[in-house]
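First listed ligand is number 1; within each ligand, the first listed atom is number 1.
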Amino acid sequence: MTPFQTIAMVDWSGGNDTGPKPRKDAIWACIARAEAREDPVYLRTRHLAEDWLDDLIETELAAGRRLMLGFDFPFGYPAGFARAIAGTDDPLILWDWFANRIEDAPDRNNRFDLAGQINRGFGGQGPFWGNGLKRDIAGLPRNKQVYRNPFPDRRAVEHLAKGSFTCWQMSGAGAVGGQVMMGLPVLARLRHRFAGQIAVWPFEALDKPVAFVEIWPSLTLGASPADRIRDAWQVERVVRQIAGLPVGELAQKLTVEAPEEGWILGVDQNQSTITPPPLRNDCFALPAGVNWTPVDEALALLRDRLSPVAPIEEIPVTEGLGRVLAEDCVALRANPPQANTAVDGYGFSGGLPEGVHVLPLVEGRSAAGASFGGVVPAGHAIRVLTGATLPDGVDTIALQEDVTVEPGRIALNGPLKPGANARQAGEDVARGDIVLTADRVLSAADLALATAVGIARLRVRKPLKVAVLSTGDELTEPGEDAGQDGIYDANRPMLLAALRAFGHEPVDMGWVGDDRAALKQRLDDAAQAADAILTSGGASDGDEDHMSALLRAAGAMQEWRIAIKPGRPLALGLWGGTPVFGLPGNPVAALVCTLIFARPALAQLAGAGWPKPQAYDLPAAFEKRKKPGRREYLRARVREGRVEVFASEGSGRISGLSWAEGLVELGDGACHIRPGDPVRYIPYASFGL
Ligand code: AMP
Ligand code: MG
């Protein structure tokens, strides 16, 4: 591929003039040329942006520089739309179709009207949704309650780029629907104005001086610094990132087949081979006729049905801490690679019998990283330093403290065993040994081991993204006035923190009231943003228990009646293919269910196997009678070698959760525990907390 001398990126906007002061959600652009890195440019309207693009293309063409121009909106719609609208699968004809219909003035444009008009052609419930205007538009649903999409919701690439928005959503934070509609006409005009000079990726061969490329900065960039406008920071980062790519690597990223829908630069098209298959729809189904499922049976079901969903990536060993290995690590070399000395001293061949020995010294020495190249003759000794490869003719070392050194010779007392103080090649690890197995969560020591045996890069799972959502009209954000009826949302910080401790990437989805439509929308968002969802509250079958009602209505939920206390009820289901753990609202029950059920299930989804917490049998410092038929967990801690339990078993008692340092597990059968009887104590630390 002929290299690009100039990389530019435009972060588009579907909105109106945002005023003279640079601000977010407007159009931002940035240029990187080999010799100069420019600051981001603020373009307050699309008209200014079009002029800016016009100038840029003209300048680069005149200067004979190849220009790659990135835009952050889809160049195509999901399969079938172009044909239905413009009579062809060719997305560039669809560009012209939009260019002929979109009216765009700085203070008003017709994107919502056009979306409504298109929708009316399909029965008026979709494919577009979302209306940013006060007035209603016939056929354009304001939300997804009456929404029906005759086309796929997402392009193929959007299934691989988790967190991307669909081009059907016309309003709301992050919606790209408006951007596509308001962006494609501008690109279409530029294409015609510079006919024959612009190639559109990935629809056309990149053999023209200018390439238009779809780039989604959030795919590769993390959070922006607090003091920067995100869009401005992103365009700057992206152009610098791309300008720094080796030509071959960029060419490889540009090698993509997506003739109708288009693609996002950087999303690996062969990913399907390493992205695990989705979960089966019935993965949360319970056996028919079962009323109260014992905990162990419930866990065994989850363990069987869930499989890793986290994709695989390759990273340098130095970034491996806490990551989950996706495949076994095989030693590329032995440890130690060569026989070497474990001490500072003098080396020679064979052991020494009892008595005094005087050995002539060979000139030179063997040090770590600078070994002696020659051969040490039998009966001679050589100076060696810890870690030095043993020279030929040396297999035994005498400690320097045990040796008298004189010019040209040493004296020492026997006996000394052959091989003393030497480390044999491969005595720790042989080349080809499996040193770490797939599923392992990497520790600091594991990184040392992998590095020692010659491994520089690791294939690991991407961190599992887990959304956390609280439900309930009574909930209040910390710092706000909770009023008389309100309570603070205590579950969310607890669950977010627990997920981080488990090694996942928590995604805070806030809280929603007891409102079915709002909850449905939030679940949709969460399913897009994350690989799994934890909700708390609303999981029973009361009037305001919308969580269970929604999952049930979607046909994707099982209310698991598990014989556990505290913990009822637990709702498990798939929402848009994403597993949902509907935890009880009571904080104690929410945490116990998280530790006992969600933690191993999430580990399985993350590719880390099925962790069993280490438990300890310790004498009880309490008395308790328990009926048969369910497993019980008590808040507990160890003092003076005995297990104490919290005074109250009330499942709203958050103070007991914090008082405790672990849980006591009481088996399913009946029991009467007296002080001194052994009980099973599981420290929070065994759960990774
Ligand atoms: P629910 O499961 O929605 O019936 O809630 C059971 C109990 O847990 C009620 O007393 C709720 O007020 C309480 N609760 C629900 N969600 C939370 C939360 N996020 N933080 C603290 N308490 C909660
Ligand atoms: Mg509730």
Proximal ligand 1 atoms for Ser470, defined as those under 4.0 Å from one of its heavy atoms: 19 (N)
Atoms in ligand 1 flagged as close to Gly538, the criterion being non-hydrogen separation under 4.0 Å: 1 (P), 2 (O), 3 (O)
Ligand 1 N/O within reach of Arg492 N/O, cut-off under 3.5 Å: no
Residue Asn586 vicinity, atoms of ligand 1 by number, heavy atom under 4.0 Å: 6 (C), 7 (C), 8 (O)
Selected option - heavy-atom contact closest to atom 14 (N) of ligand 1, from Gly652, Gly472, Gly585: Gly585
Step-by-step salt bridge (charged side-chain N to carboxylate O under 4.0 Å, His left out) determination, Arg459 to Glu313: CA-CA 6 Å; Arg459 279 167 67 77; Glu313 63 178 348; over 6 Å; no
Sub-3.5 Å N/O-N/O distance, Leu475 and ligand 1: no
Proximity winner for atom 19 (N) of ligand 1, if only heavy atoms of Ile654, Asp489, Leu583, Asp473 are counted: Asp489
SB check Asp531 Lys462 (cutoff 4.0 Å): no
Atoms in ligand 1 with a heavy atom of Ile487 nearer than 4.0 Å: 12 (O), 21 (C), 22 (N), 23 (C)
Contact (N/O only, under 3.5 Å) between Pro584 and ligand 1: no
Contact check, Trp511 vs ligand 1, heavy-atom distance below 4.0 Å: no
Atoms of ligand 1 close to Tyr488 [distance to a heavy atom under 4.0 angstrom, numbered from 1]: 20 (N), 21 (C)
Ionic contact status for Arg522 with Asp525, cut-off 4.0 Å: no
Heavy-atom neighbours of Arg653 CZ exceed 12 at 6.0 Å: no
Closest contact, heavy atoms only, Glu158 versus Arg154: OE1-CA, 3.4 Å
side-chain hydrogen bond (donor to acceptor under 3.5 Å, both in side chains) between Asp439 and Trp610, intermediate numbers included: CA-CA 9 Å; Asp439 288 5; Trp610 188 268; over 6 Å; no
Over 12 non-hydrogen atoms of neighbours within 6.0 angstrom of CZ in Arg599: yes
Short N-O contact, Arg635 and Glu644, less than 4.0 angstrom: no
